[in-house]
Amino acid sequence: MTVRVRFAPSPTGYLHVGAARTALYNYLFARAKGGTFILRSDDTDRERSTDEFHDDILEHMAWLGLEWDEGLVKGGEHGSYRQSDRYDRYREVARALVDAGDAYYSFATASQLDDFKSAAREAGTSPAYDGSLEPDPHDATSRIREGAQAAIRFRVPRPGETRFTDIVRDDMVFDHRQVDDFIILRSDGTPTYHLASTVDDVDYHITHVIRGEDLLSSTPKHILLTLAMGAEPVTYAHLSLLMGPDGKKLSKRHGDTAMSAYREAGFLPEAVNNYLAILGWSLGDDVEIASLDAMVAKFDLGAVSKNPAVFDPQKLTWLNGVYIREMDDRAFVDRTVALVEEDLGRELTDGERDQFMEIASLVKERTKLLSEVADHVRFLFSDIERYDEASWKKVMETPEAPIALDGASEALSGLGDWTTEAIDAALRAMLEVHGLSARKGFQPIRVAVSGSTVSPPLFESLKVLGRDVTLTRLSNARALLS
RNA sequence: GGCCCCGUCGUCUAGAGGCCUAGGACGCCGCCCUCUCAAGGCGGUAGCGUGGGUUCAAAUCCCAUCGGGGCUACCA
């Protein structure tokens, strides 16, 4: 049987890192097994689902490069792959279940249910609702016939238990005393997650459901439902949840969890995928860095860690730096030029693009986030509007500064070849003449030319900047020293 | 409260009775390199939650305990 898995987010929020990890693991499993990866929208919560979230999920799945074979946008033989389009089908199943006696119209009120639960809590017994508050069947049917609104609950067989083998958690057993007669169709006729999701998994011939651990205790419900539909239950794999630094389930209050925030912050999709993959799974042999293809080749769902993992932005950032350094210069420029232009508020000329290319490898090496690049190269493309205050104070307000600036101007104005080597030699000779250390002598030049004590290597920077601009900036800074 | 899951450095993990004096990575610290910042190199810091067993031998098996997490909605 060929593997069919699905990632089925609810568009009640932006695609967040936890969901992205679930999507990734589904993707890796499908590719590793030569199966089909399906993208579905579990949008049964009409109150909270929005098109904006729906689009955000699609956009960031694409951004991550987690290409799906069937489902949203792509289509397939199962309709729209949006649950909101399939209400008729869910109602049909719910009614069939009622007819077969596997489900029933429920009249228990919220306050009755509350009482039931608090009584259970007090008695120390299971809080799972067992249907004991319902009117007798004849009563119920006549009330429905008279047009009463009622939700439909699944009748969990009691006594009984559900067993299944979870790929990451091994053998699981749930006593039906702990599983409540859950609602499958709300009184307004809309399906709940349990129904819609299970029906879709059956209808779409899903073979493996890989999802978060938060759904582990709902799994007996889904298995019971599947069985009642006369279908074969899928194989489940429940992934541990992602935690914030405080050890609680990762959520907005831990800061950015939306994928879009990481994209905007300058993370590369390759790095995000890589990090999410090793967060809870190990490739073995101390390998930490691997492309999607390499991960596919080694992926083993059963080897995925059972423990909850704390999401560590620092390690992600490190990995991002690794990926940035691995890019070739051309790719680096292509991927960041728009950010630089946005920062400048104008497009780069061809000449400036060449300058960017020239210094790319040096900038690349000190970049961890794409969003930092504009800061690193701004001095090349625009005049220095203001010098970094701390930098100025530290190196310009020194006795060496005027000497270094004057010396540099003199040494560079008469320089024959404007090459890195020539600049290097001239400036070092200048140091020699004035008895300045490299640190004391070069830092004022750096600040004069780049505005800060932190910049790409000096000689290369000057080379790319050009002689005229260099000399102008040296004298501008010198003038400020009185 | 009930049920379920989990428990190796601060964090992510390797580890499936002797290869463990517990390995790697991020972080942190130090040194080197060095025109700044990075990158890189070298070194260091730090862990098997606790208590009992089983065994010649336990991070690995068993029990208990403690701790963390999830579910307990006409959310998903």
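Below, chain A is the first sequence line, B the second, and so on; all start at residue 1.
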Determine whether a donor-acceptor pair (N or O, by modelled atom type, separation under 3.5 Å) exists between the side chain of A:T22 and the backbone of A:G212.
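Checking the backbone N and O of A:G212 against the side chain of A:T22, no donor-acceptor pair under 3.5 Å is found.
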
When you compare the side chain of [Y] with that of [X], does any pair of heavy atoms fall below 4.5 Å?
X: A:F311; Y: A:T257; answer: no
X: A:E421; Y: A:F459; answer: no
X: A:K364; Y: A:D329; answer: yes

Please pick, from [options], the nucleotide with the shortest atom-to-atom distance to any side-chain atom of [X].
X: A:A438; options: B:G24, B:C71, B:C35; answer: B:C35
X: A:E288; options: B:C5, B:G24, B:C26; answer: B:G24
X: A:R48; options: B:U13, B:A76, B:C74; answer: B:A76
X: A:M243; options: B:A76, B:G69, B:C74; answer: B:G69

Contact class for [X] vs. all strands (heavy atom < 4.0 Å): base, sugar-phosphate, or nothing?
X: A:G212; answer: nothing
X: A:H194; answer: base
X: A:T190; answer: nothing
X: A:I278; answer: sugar-phosphate
X: A:F459; answer: base
X: A:L241; answer: sugar-phosphate
X: A:S10; answer: sugar-phosphate
X: A:S305; answer: sugar-phosphate
X: A:Q83; answer: nothing

Phosphate contact ([N] OP1 or OP2) by [X] side-chain N/O below 4.0 Å:
X: A:N307; N: B:U8; result: yes
X: A:T192; N: B:A76; result: no
X: A:K315; N: B:U13; result: no

Among residues 165-176 of chain A, which ones have heavy-atom contacts with RNA chain B below 4.0 Å?
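Within residues 165-176 of chain A, the residues near RNA chain B are A:R169, A:M172, A:F174.
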
Among A:R158, A:R155, A:R153, find the one that has a salt bridge (Lys or Arg N to Asp or Glu O under 4.0 Å) with A:D181.
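Exactly one option meets the salt bridge (Lys or Arg N to Asp or Glu O under 4.0 Å) with A:D181, and it is A:R158.
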
Can you tell me how far apart CG (A:L224) and CZ (A:F174) are? Round to the nearest 0.5 Å.
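CZ of A:F174 is found 12.0 Å from CG of A:L224.
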
Rounded to whole Å, please give me the gap between [atom1] in [X] and [atom2] in [N].
X: A:L242; N: B:U11; atom1: CG; atom2: C1'; result: 12 Å
X: A:L215; N: B:C5; atom1: CG; atom2: P; result: 16 Å
X: A:H238; N: B:C71; atom1: NE2; atom2: P; result: 12 Å
X: A:D214; N: B:A73; atom1: CG; atom2: P; result: 15 Å
X: A:L279; N: B:C12; atom1: CG; atom2: P; result: 8 Å
X: A:R21; N: B:C12; atom1: CZ; atom2: P; result: 11 Å
X: A:Q112; N: B:A73; atom1: CD; atom2: P; result: 16 Å
X: A:F53; N: B:A76; atom1: CZ; atom2: C1'; result: 14 Å

Using a 4.0 Å heavy-atom cut-off to protein, can you give one letter per nucleotide of nucleotides 37-46 of chain B, 5' to 3': B if the base is in contact, S if only the sugar-phosphate is, - if neither?
BBSS------

A:Y275 side chain to A:E270 side chain, donor-acceptor N/O pair below 3.5 angstrom:
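No pair is found: no donor N or O on one side chain lies under 3.5 Å from an acceptor on the other.
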
Which value, in whole Å, describes the distance between the [atom1] atoms of nucleotides [N] and [M]?
N: B:C19; M: B:A59; atom1: P; result: 9 Å
N: B:G23; M: B:C48; atom1: C1'; result: 13 Å
N: B:U11; M: B:G27; atom1: P; result: 16 Å
N: B:C29; M: B:G69; atom1: P; result: 30 Å
N: B:U55; M: B:G70; atom1: P; result: 40 Å
N: B:C31; M: B:C66; atom1: P; result: 47 Å
N: B:A22; M: B:A46; atom1: P; result: 11 Å
N: B:G1; M: B:U50; atom1: P; result: 25 Å

Establish, for the pair A:R40 and A:F7, whether the NZ or CZ atom is under 6.0 angstrom from the six-membered ring centre and no further than 45 degrees off its axis.
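The answer is no, since A:R40 fails at least one limit relative to A:F7.
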
By nearest heavy atom, map A:T44 and A:E460 onto RNA chain B; which one lands nearer the 5' end?
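It is A:E460, whose closest nucleotide lies nearer the 5' terminus.
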
Of A:S126 and A:R428, whose closest RNA chain B nucleotide lies nearer the 5' terminus?
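The 5'-side residue here is A:S126.
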
Let's test this: given Watson-Crick or G-U wobble pairing with both distances under 3.5 Å, identify the partner of [N].
N: B:C61; answer: B:G53
N: B:G43; answer: B:C29
N: B:G1; answer: B:U72
N: B:C48; answer: none
N: B:C35; answer: none
N: B:G7; answer: B:C66

With a sphere of 6.0 Å drawn around OH of A:Y14, does it hold more than 12 non-hydrogen atoms of other residues, nucleotides or ligands?
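Incorrect, the count does not exceed 12.
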
Please say whether more than 12 non-hydrogen atoms of neighbouring residues, nucleotides or ligands are located less than 6.0 Å from CZ in A:R335.
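Yes, the 6.0 Å shell around CZ holds more than 12 heavy atoms from other groups.
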
Any Lys/Arg nitrogen of A:R46 or A:D43 sitting under 4.0 Å from an Asp/Glu carboxylate oxygen of the other?
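No, this pair does not count.
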
Check A:D42 with A:R211, please: is the shortest side-chain N to carboxylate O separation under 4.0 Å?
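Answer for the salt bridge query: no.
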
Could you list the residues that satisfy ring-ring contact (aromatic ring centres under 6.0 Å, His included) with A:F299, not counting sequence neighbours?
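Partners of A:F299 under the ring-ring contact (aromatic ring centres under 6.0 Å, His included) test: A:Y25, A:W281.
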
